[in-house]
There are 2 protein chains.
Amino acid sequence: MAPRGRPRDTQVDERVLRIAAALIFERGYGGLSIDEVAEQAGVAKTTLYRRWPTKDHLAVAVVARLQADDEITDTGDIRADLVDYLEKIAAALNRMRAAGGHRGPSAGTVGELVAAAARHEDIGHLTREQYAKRNTLALALIERARLRGELRADLDAEALFDQLAGALYYRVMITGAPVDRAYAERLVSCALEGNMTCR
Amino acid sequence: MAPRGRPRDTQVDERVLRIAAALIFERGYGGLSIDEVAEQAGVAKTTLYRRWPTKDHLAVAVVARLQADDEITDTGDIRADLVDYLEKIAAALNRMRAAGGHRGPSAGTVGELVAAAARHEDIGHLTREQYAKRNTLALALIERARLRGELRADLDAEALFDQLAGALYYRVMITGAPVDRAYAERLVSCALEGNMTCR
DNA sequence: GCAATTACGAAACATGTGTTGCGTAATCGG
DNA sequence: CCGATTACGCAACACATGTTTCGTAATTGC
């Protein structure tokens, strides 16, 4: 049952992830140096590379740790449920945002992770799975609201959620504007109530 | 009027940008090597660094080149105008998307540019200005439609455009789903018509 | 206890980015 | 024409990432 050879030092994973997280949060993605992590953790670089084949993999592992498992609440009030869910996504983004580089509200880490997902097929596969899960949960929530008559019967759930989640990412990565609960409420109102006059 | 010393070889800029674009499009952001660009262009590295202080600056210059100046058309039909504008943004994203790494529909380049904007204050300033300009144009378009009664008087124009543009970026960078004119039409319909039943 | 297996540490190495120093070339102002 | 100024090319360097090699340590199955 136990693997054949010498077992890995399980303390190393914990220690390395903690040190790496501190470095990313303090100096940003570029300030995360493998050499420095190895030195501070008191292990050789080879030990790190055995667990995370690249710096990107280590960084993804760090970020994945501080992402709370997005659990969805279905109170029956689609407006409140959507706001809650968006706020959870926003909170995860803001947590990474705090790990900016030289500037305060920098979205560098999020962009780096997107790039990392594109560079390494396995990371991309992993993150896409994560996002697919989030998407499935949201679409199911919307579908339930539609079935109980809270939402239009002919709505485009995919476009709706793309818009809501996309606006959060757009703000964090592109415009740099803040994302908080108040903004989540604005988004949901805008999306649910529509913008045409002819009604 | 003319600068004091030896003038720069203007052919170098053109040649370097063309070669760098070819490299990015063929091998992705990571495949863009300063040494290789210098060699293929037949110039020294110092000549490149005199014009673009980092690889990030060169890459941004390459991408800025193939971004058509977003001109907005105001036909008086807000739905058609928004679809047109979104399609222009989508076209620019797809052009970068073609410059993927190892996988076809990779959004790595877009993510790298976001990261680059966070790494270098001047790039961030430049791109935020660019996005602010785009935002101003879109908000003005929406405002005109609102004033002529096509849209609700109490709409949230910022949230509306964040949602539309954000959905495009979200798809390109996060989910990897395609963005084309058909999707732009779905977005605009979803946003304009709203999703509640009570109407 | 012994062989196989796996983890670990130390060091050297290859590659790419970005910087620096120096000699040479081109242009302008006088 | 001459000096100041700027561009250019060549070479070397510092630094970080990531790979590889080799010797050693710990654990399992027999």
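Protein chains get the first letters and strands the later ones, always in sequence-line order, with residue 1 at the start of each.
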*Parallel, tilted or perpendicular: which describes the rings of A:Tyr170 and B:Tyr169, with under 30° parallel and over 60° perpendicular?*
tilted
(message) Under a 3.5 Å threshold, yes or no: a donor from one side chain and an acceptor from the other, between B:Ser189 and B:Arg79?
(response) yes
From CG of B:Leu58 across to C1' of C:dG18 the rounded distance in Å is 14 Å
Rounded to the nearest 0.5 Å, the CG atom of A:Asp180 sits from the CG atom of A:Leu168 at a distance of 10.0 Å
The residue, B:Val12 or B:Gly5, whose nearest nucleotide of DNA chain D is more 5′ is B:Gly5
Quick note, A:Ala44 side chain, CB onward, closest among C:dA10, D:dC8, C:dT27 is C:dA10
In this structure, OH of B:Tyr49 is separated from CG of B:Leu58 (nearest 0.5 Å) by 9.0 Å
Regarding the side chain of A:Arg4, the nearest nucleotide among D:dC8, D:dA26, C:dA4 is C:dA4
With sugar-phosphate taken as primed atoms, P, OP1 and OP2 and all else as base, the protein-contact string of nucleotides 11-24 of chain D at under 4.0 Å (heavy atoms; B, S, -) is ------BBBB----
B:Arg8 CZ to C:dA25 C1', in whole Å, measures 16 Å
If only side-chain N and O atoms of A:Arg51 are considered, is one of them under 4.0 Å from the OP1 or OP2 phosphate oxygen of C:dC8? yes
Whole-Å distance, A:Asp9 CG to D:dT27 P, equals 10 Å
- [ ] For B:Gly42, report the nucleic acid contact type (base, sugar-phosphate, nothing); a contact means any heavy atom under 4.0 Å.
- [x] sugar-phosphate
Exactly one candidate in B:Ile34, B:Thr47, B:Leu48, B:Val62 meets side-chain contact (heavy atoms from CB on, under 4.5 Å) with B:Val16; the answer is B:Leu48
Separation between OG1 (A:Thr109) and CE (A:Met173), nearest 0.5 Å, reads 11.5 Å
Check your understanding: Does a side-chain N or O from B:Arg50 land closer than 4.0 Å to OP1 or OP2 of D:dC8, or not?
Key -> yes
From CG of B:Leu48 across to P of D:dA7 the rounded distance in Å is 14 Å
B:Tyr29 OH to C:dT17 P, in whole Å, measures 10 Å
query: Would B:Leu66 and B:Leu126 show up in the same hydrophobic cluster when neighbours are defined by side-chain heavy atoms closer than 4.5 Å?
result: no
